[in-house]
Amino acid sequence: MVKELLENSIDAGATEISIRIEQAGKKCIEVIDNGEGIASKESNIAIKRYATSKISSSEDLEKIQTLGFRGEALSSIAAVSRLMIESRSENNETGFNFVIEGGDEKGRKPIGRSVGTLIRVEDLFFNVPARLKFLKKDITERRLISLLVSRYALFYAGIRFSLIQEGKKVLSTNGNTNRREILSQVYDLETAKSLLKVNFSDEYLQMEGYTSPLNVTRSTRKEIILFINGRLVSDSTLSSAIIRGYYGLLMVGRFPITNLFINISPAEVDVNVHPTKAELRLKNPSQVFTAIQRTIRKTIAAYAPYAAVPPRIWKTPELARNVSHMKFDFNGFIDSPQEVQSSEQMKPIHLDPLKTSSLPLLRLIGQLGLTYIAAEGPDGLYLIDQHAAHERILFEKISHQDADKKTSQFLLEPIAVTLPAPQFERLEQQLDLLAGIGFQIEPFGPGTCKIMSVPQVLSSMDPKEALISAISDDQKSPKELVDTENREKMITRICKRLAIKGGQVLSTQEQKQLIRDLENCKNPRTCPHGRPTMIHISVDVLERQFGRRGSV
Ligand code: ADP
Ligand code: MG
């Protein structure tokens, strides 16, 4: 409802919009703007449906909920609240004040006022109390309202917005179009500063906005905000294009903060679906999808924590060019192997041209805080997270083995394992998947099974522990599990449980082995959940930080 009122004010060309909310909107929603106003003689037209839109059918209720159709917002609101409209248009000497209660006109009088409109919605649903209980909890409604208003303020940065909730000023922008400044009101200062600027345009699509770096995430996708042609829209496909842009880079269950403002030529938007509706239909959704995904990917890449290899170190420009191919592949999907031309000149520095997104050879420095491994590369310092790195190593070893027997290590004597009923049930559901990665399991009486073989990679571990690590502990019903469970998830789970942990002492030999194994990974720089396995501090950064060169 706030959205419709806000959009009306914007449509009226307002440069200043103030919103006041009481009791999360149930008591009062007031929107004041300095837009073009409503001409006195049109005041009826503005709410022309009000007389007929008394609540008479469930269909009407439905409409009120969605407020989806042009010209119905005000009339629908009028039907279910005490609505007051005060307005004056430029062409009128005086304005008017118009009160409607539950769709019945209660009074109209001329008033003196400046050009613009005030709309006050009081006692929402006073005449349809049943609807009240469909509103979300006050705290949720309030949060939704402030999210809505702040995003409109961010998009329409040239408009002065103020939002007062329960007597408190929650947001106020000054219309000076500085979006960073608005971001710092929307998020905490640090988050606001960290957001990366997005910018893209081609012949039919322009994109602007902000998206979070890899270390700034949320546990829900609620902070993925999309404006298309000036309207806030919720489109799960396009949101997933943004998420896709982060594919493989974020931990499972983490989502970016993204505010994306897209302008698409109107010809590309299906006109049959009305623009005031939150859902929209695009003529070429996949084109837009791809553009979003790529742009997000490029944006993150441009600010990636791993600095590009500084050319200076590699002596010749020719080498530098080859080496620049070695950056993590941010442009395509993570698993697509990159091709790097083999080059004679690269041999002296022992870079294997086939290991593309790979690491250079690293020299072990030592373990830090029993959690990280410090190593030196030709291009600076690497700090490796031992748990994340080991997860990555196990993940690739298990994923790349074939399902054939050779990758299984048969046990000299099968081991019997008894499991609690729910776990056993899950085990039974996952027998095929387990077999696919090298666990050969045979049922052996109720609640008990025999482990015949384990994946080669895990042969040095306790077979029972290895098996348990593979079984989903998901609380889902077995049926759901079968639908969502897959090989990759299972492997990720094994890696998480069996990888060496932070806090574990590693011998020099083990540290070296970990680095060697990581060097052999196809995607050494993130763990299977997408967390970085390492931080790279380039020589360049070191020199700047120590003031040996340039400024910080
Ligand atoms: P719609 O915006 O789809 O036309 P609404 O029910 O939201 O339908 O509004 C009806 C009409 O009332 C608008 O078309 C506009 O002419 C007028 N109106 C509503 N709010 C304002 C406002 N804040 N300033 C100027 N005119 C307004
Ligand atoms: Mg409207």
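In this text, all values refer to a predicted model and were calculated from it rather than measured experimentally. Hydrogens, waters and symmetry mates play no part in the numbers below; they use all other heavy atoms, side chains included. One-based numbering, in listed order, for ligands and for the atoms of each.
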*Test log, rule salt bridge (charged side-chain N to carboxylate O under 4.0 Å, His left out), inputs Glu101 and Arg82*: CA-CA 4 Å; Glu101 285 186 10; Arg82 302 183 215 277; 3.4 Å; yes
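By heavy-atom distance, the residue among Ile17, Asp33, Asn34, Leu118 lying nearest atom 23 (N) of ligand 1 is Asp33. Nearest-heavy-atom check against atom 5 (P) of ligand 1 across Thr117, Ile85, Asn8 picks out Asn8. Between atom 25 (C) of ligand 1 and the options Ser9, Ser87, Ala12, the minimum heavy-atom separation is to Ala12.
Near Gly37, with a cut-off below 4.0 Å to any heavy atom, the atoms of ligand 1 are 25 (C).
The distance criterion of under 3.5 Å between nitrogen or oxygen atoms is not met by Ile119 with respect to ligand 1. For a threshold of 3.5 Å applied to N or O pairs, the pair formed by Ile38 and ligand 1 contains no separation below that value.
Residue-ligand proximity: Gly35 is placed with every non-hydrogen atom at 4.0 Å or more from ligand 1.
Under 3.5 Å, the side chains of Ser87 and Thr117 contain a donor-acceptor pair of N or O atoms.
Atom NZ of Lys136 has 12 or fewer neighbouring heavy atoms from other residues, nucleotides or ligands inside a 6.0 Å radius.
Neither the backbone nor the side chain of Asp11 comes within contact range of ligand 1; no heavy atom lies under 4.0 Å.
Atoms CG and CD1, on Leu195 and Ile257 in that order, are 6.0 Å from each other to the nearest 0.5 Å. To the nearest 0.5 Å, atom CD1 of residue Ile10 and atom CD1 of residue Ile17 are 4.5 Å apart.
The salt bridge (Lys or Arg N to Asp or Glu O under 4.0 Å) check on Arg254 picks up nothing, with sequence neighbours excluded.
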